[in-house]
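First comes the structure, then the notes that go with it.
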Amino acid sequence: MNKTSYTNLAKIWEYVEDRAFSRQSPDLNEVRSAVEREGMPQGSAAQAELLCLLVHLTGASSIIAIGTASVVETLQLIAGLEGRGQLTAVDSSTQGIALIRKLFAGLSDRTQTTLRAVNAPVGTYLPRLNAGDYDLIVVSGDASNYAPAFEHASRVLGEHGVIVFTDVMALEDPHANGGVVNPADRGDKAVAMRGLLDTVQSDERFDATLTPSGTGLLIAVKR
């Protein structure tokens, strides 16, 4: 690909993102702005919209959202459930879990979906769950969330369950220096994501693909 092709790809990404952002509800835009004022930047609107669609495509009714500072994505997952099933948000940080509990309290009278917020490290919480009880896991946030989530995914997910990793290119990391695509970036997130890509895409228990949505979306389906 030449320079013009890469420029066009950047314009396409911007167009898709702007279009997805314009489709967000006023309530969701208000939440995005409020959370970002709290110092927690939110990810791509197009990526969040894709996650909502993925709930429909998979027929998921039991979801785990790990790294709940990604509030917009969590709300889009809830929207995808359309008042059914359950969503469990897992976050080890005090600030993150307080934020999601506040949001869930505001949603309690507006949805029949069971919403749970759990303040615990991923590697501590997932081993407690029953095998095969979940349809979809979405992982975001700190680098430390990703490997433990995948370690337990095969047991926790049911047949043809899906695990999705956001920001696989490590561009949302405030300390990123180019992320995964820059070999010189040796930040925690970039290093973790390079290892994650190799681990997930070579695991014979899953079929996986990396997509350029948002800042990189890795989707793996349990065989």
Side-chain angles (χ1 to χ4, degrees), residues 16-36 40 42-91 96-119 122 125-126 129-141 145 149 153 156-167 206-209 211 213-214 217-222:
V16 170
E17 182 63 17
D18 287 347
R19 189 171 179 86
F21 189 83
S22 71
R23 285 161 50 84
Q24 287 186 350
S25 69
D27 286 347
L28 189 56
N29 286 336
E30 184 178 335
V31 169
R32 176 187 285 274
S33 297
V35 173
E36 289 182 342
M40 290 178 281
Q42 297 300 287
S44 157
Q47 175 177 277
E49 189 175 65
L50 177 57
L51 291 174
C52 180
L53 180 63
L54 191 60
V55 177
H56 291 289
L57 288 172
T58 61
S61 62
S62 187
I63 300 173
I64 301 173
I66 297 169
T68 50
S70 299
V71 172
V72 171
E73 293 171 0
T74 301
L75 291 177
Q76 286 283 48
L77 290 169
I78 294 169
L81 286 167
E82 296 185 325
R84 58 190 175 80
Q86 64 177 9
L87 181 139
T88 302
V90 183
D91 198 318
I97 207 66
L99 177 63
I100 205 68
R101 283 174 175 157
K102 180 180 179 180
L103 286 169
F104 282 4
L107 288 170
S108 61
D109 294 331
R110 296 159 53 189
T111 181
Q112 295 300 308
T113 297
T114 300
L115 303 175
R116 297 184 296 189
V118 177
N119 185 201
V122 177
Y125 178 69
L126 292 185
L129 302 179
N130 293 330
D133 272 2
Y134 293 84
D135 306 310
L136 175 64
I137 301 172
V138 178
V139 188
S140 61
N145 289 336
V156 171
L157 289 170
E159 185 178 8
H160 304 310
V162 178
I163 183 166
V164 180
F165 303 92
T166 73
D167 191 32
F206 289 85
D207 292 311
T209 187
T211 81
S213 181
L217 205 66
L218 178 61
I219 303 172
V221 182
K222 184 178 173 182

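Being a predicted model, the structure only gives us computed values, none of them experimental.
The two residues Gly106 and Arg110 make their nearest non-hydrogen contact at O-CD, 3.6 Å. The nearest pair of heavy atoms linking Leu50 to Ser213 is CD2-OG, 3.8 Å. Among all heavy-atom pairs drawn from Thr166 and Glu73, the shortest one is CG2-OE1, 3.8 Å. For the residue pair Ala65 and Thr74, the shortest heavy atom distance occurs at CB-OG1, 4.1 Å. Between Val71 and Gln42, the shortest heavy-atom distance links the atoms N-OE1, 2.7 Å. Counting all heavy atoms, side chain and backbone alike, Ile66 lies closest to Ile137 at CD1-CG2, 3.9 Å.
Here the straight-line distance linking atom OG of Ser70 with atom CD of Gln76 works out to 12.5 Å at 0.5 Å rounding. Taken from CD in Gln86 to OG1 in Thr113, the straight-line distance is 9.5 Å, to the nearest 0.5 Å. Separation of atoms CG (Leu75) and CG (Leu107) is listed at 6.0 Å; rounding is to 0.5 Å. Separation of atoms CG (Asp167) and CG (Leu217) is listed at 10.0 Å; rounding is to 0.5 Å. Going from atom CZ of Phe21 over to atom CG of Leu28 covers 8.5 Å, rounded to the nearest 0.5 Å. For the atom pair Leu136 CG and Ile63 CD1, the distance stands at 5.0 Å (nearest 0.5 Å).
By the neighbour-count criterion of 12 heavy atoms within 6.0 Å, atom CD of Glu36 is densely surrounded, having more than that number from other residues, nucleotides or ligands. Counting non-hydrogen atoms of neighbouring residues, nucleotides and ligands closer than 6.0 angstrom, the CZ atom of Arg19 reaches no more than 12 such neighbours.
Under a 3.5 Å cut-off, the side chain of Asn119 and the backbone N or O of Asp91 do form a donor-acceptor pair. Put simply, the side chain of Arg23 never gets that close to the backbone of Ala20: no donor and acceptor are under 3.5 Å apart. Distance alone, capped at 3.5 Å, places no donor-acceptor pair between the Ser140 side chain and the Phe165 backbone. Here the side chain of Ser108 pairs a donor or acceptor atom with the backbone of Ala105 at under 3.5 angstrom.
Counting heavy atoms from C-beta outward, Leu129 and Thr88 have side chains that stay 4.5 Å or more apart. Residues Ile64 and Leu126 are in side-chain contact: their nearest non-hydrogen atoms beyond the backbone lie under 4.5 Å apart.
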Worked check of side-chain hydrogen bond (donor to acceptor under 3.5 Å, both in side chains) between Asp135 and Ser61: CA-CA 7 Å; Asp135 306 310; Ser61 62; 3.3 Å; yes

